[in-house]
Amino acid sequence: MSVKECGDHREARRKFFRRVTASILVFILIVLITIFLIWAILRPSKPSFTLLDTTVYAFNASAPSLLTSNFQITVRSRNPNDLIGIYYDRLDVYAEYRDEEITLRCRLPPTYQGYNEVNIWSPFIYGTMVPVAPEYSLSLDAEQAAGSVFLMIKIGGRLRFRVGAFITGRYHIHVSCPAYITFRGQSDGVLVGENAVKLQFVQRCHVSLW
């Protein structure tokens, strides 16, 4: 074989590999554009959350600047999308008083939520002798003496959207559910057992994604 024939053979191989590479890149580009168009047309909506009730088993702020509490909450989540599923990879539930966490975080099990599907969780959240800032401790004592305490039930974690076989990257989700905990009289709630009181809310929560 002459030198010229060898050079032509190598050039032909290079052209073949260039064509294959270009074809693969064009295919990937078409797939990405298709996914983007589907995503843009569907425009996924964030899930909605509702705080249904809170059962108070313990709420004791008698110790100076220390709080012991024990709740069971019921939260409903709904996927409002018709063609988009949601993977809840991680969800942590806890309670706050004036931006201070007063319970440990309870992690919910990972869940897939289908189109227009509803999920309901009823986790227990509690804290034992949790330190409270002195300025908040005074207001907490005053609110409890007045008969009601305003808390915020928080849910934080990460989720992914699914469109057909395509799954997005992870989004941060932050949910805030206002809850008034009342103490005076059983008319504010339903007595559960000997000491617990179940308070009905059906309170819509604020949801943010980023």
Side-chain angles (χ1 to χ4, degrees), residues 46-78 80 88 90-111 113 118-159 171-210:
K46 59 189 177 183
S48 63
F49 282 75
T50 305
L51 178 64
L52 299 179
D53 59 60
T54 298
T55 302
V56 184
Y57 290 92
F59 195 90
N60 185 355
S62 58
S65 300
L66 294 175
L67 174 64
T68 296
S69 60
N70 188 350
F71 310 98
Q72 183 181 20
I73 67 167
T74 303
V75 180
R76 179 179 63 206
S77 170
R78 179 178 178 272
Y88 294 104
R90 190 187 74 203
L91 290 176
D92 294 326
V93 185
Y94 57 99
E96 282 188 353
Y97 176 74
R98 300 202 176 189
D99 297 325
E100 283 197 348
E101 292 187 28
I102 60 171
T103 67
L104 299 175
R105 297 191 175 206
C106 174
R107 179 156 297 181
L108 301 177
T111 304
Q113 192 172 53
V118 173
N119 291 84
I120 295 178
W121 295 284
S122 296
F124 282 87
I125 52 176
Y126 63 92
T128 303
M129 303 293 282
V130 177
V132 180
E135 61 271 23
Y136 294 157
S137 179
L138 294 175
S139 62
L140 180 62
D141 290 341
E143 289 180 27
Q144 189 172 7
S148 66
V149 173
F150 178 73
L151 302 179
M152 193 69 72
I153 305 299
K154 295 288 188 76
I155 304 173
R158 294 187 178 184
L159 60 76
Y171 288 80
H172 292 272
I173 182 171
H174 186 77
V175 182
S176 299
C177 307
Y180 279 97
I181 307 300
T182 56
F183 301 97
R184 284 185 176 176
Q186 300 304 328
S187 59
D188 293 323
V190 179
L191 188 63
V192 179
E194 296 182 359
N195 300 314
V197 176
K198 186 173 186 177
L199 305 170
Q200 302 287 341
F201 291 110
V202 193
Q203 176 66 52
R204 192 173 180 85
C205 308
H206 177 265
V207 181
S208 59
L209 290 179
W210 69 93

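As the structure is a prediction and not an experimental result, all values here were calculated from the model.
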Flag, side chain of Ser176 to backbone of His174, donor-acceptor distance under 3.5 Å: no
Qualifying residues under disulfide bond (SG atoms under 2.5 Å apart), relative to Cys106, sequence neighbours excluded: none
Minimum heavy-atom distance between Ile173 and Arg158, given as atom pair plus value: CG2-N, 4.0 Å
Ring pair (Phe, Tyr, Trp, His ring centres under 6.0 Å): pairs with one or both residues in residues 191-210, sequence neighbours excluded: His172-Trp210
Backbone N/O of Pro47 and side chain of Gln113: donor-acceptor pair under 3.5 Å: no
Results of salt bridge (charged side-chain N to carboxylate O under 4.0 Å, His left out) for Arg105 - residues two or more places apart only: Glu101
Arg98: salt bridge (charged side-chain N to carboxylate O under 4.0 Å, His left out) partners, not counting sequence neighbours: Glu143
Separation between OG1 of Thr54 and CD of Gln200, rounded to the nearest 0.5 Å: 9.5 Å
Separation of Leu108 CG from Asn119 CG (nearest 0.5 Å): 10.0 Å
Atom pair CZ (Phe71) and NZ (Lys198), whose distance is rounded to the nearest 0.5 Å: 15.5 Å
From CG (Leu159) to OG1 (Thr111), nearest 0.5 Å: 11.5 Å
Value rounded to 0.5 Å, distance of CD1 in Ile102 from CG in Leu151: 4.5 Å
For the student: nearest non-hydrogen atoms of Leu104 and Tyr94, plus distance: O-CB, 3.9 Å
Steps toward side-chain contact (heavy atoms from CB on, under 4.5 Å) verdict (Val93, Ile73): CA-CA 9 Å; Val93 185; Ile73 67 167; 3.4 Å; yes
Would you list the atom pairs, donor with acceptor, under 3.5 Å between side chains in residues 127-141 and any protein atom, with sequence neighbours excluded?
| unit_1 | atom_1 | unit_2 | atom_2 | d |
| --- | --- | --- | --- | --- |
| Ser137 | OG | Ser65 | N | 3.4 |
| Ser139 | OG | Tyr97 | OH | 2.9 |
| Ser139 | OG | Tyr136 | O | 2.9 |

Set of salt bridge (charged side-chain N to carboxylate O under 4.0 Å, His left out) partners for Lys46, sequence neighbours left out: none
Short side-chain donor-acceptor distance under 3.5 Å, Thr74 and Ser122: yes
Rounded distance (nearest 0.5 Å) linking atom CG of Leu67 with atom CZ of Phe59: 4.5 Å
Closest non-hydrogen atom pair between Cys177 and Leu51, with its separation: CB-CB, 3.9 Å
Ring geometry between Tyr180 and Phe150 (parallel below 30°, tilted from 30 to 60°, perpendicular above 60°): tilted
Closest contact, heavy atoms only, Arg107 versus Arg90: NH2-CD, 3.1 Å
For the student: nearest non-hydrogen atoms of Ser48 and Arg204, plus distance: CB-NH2, 3.8 Å
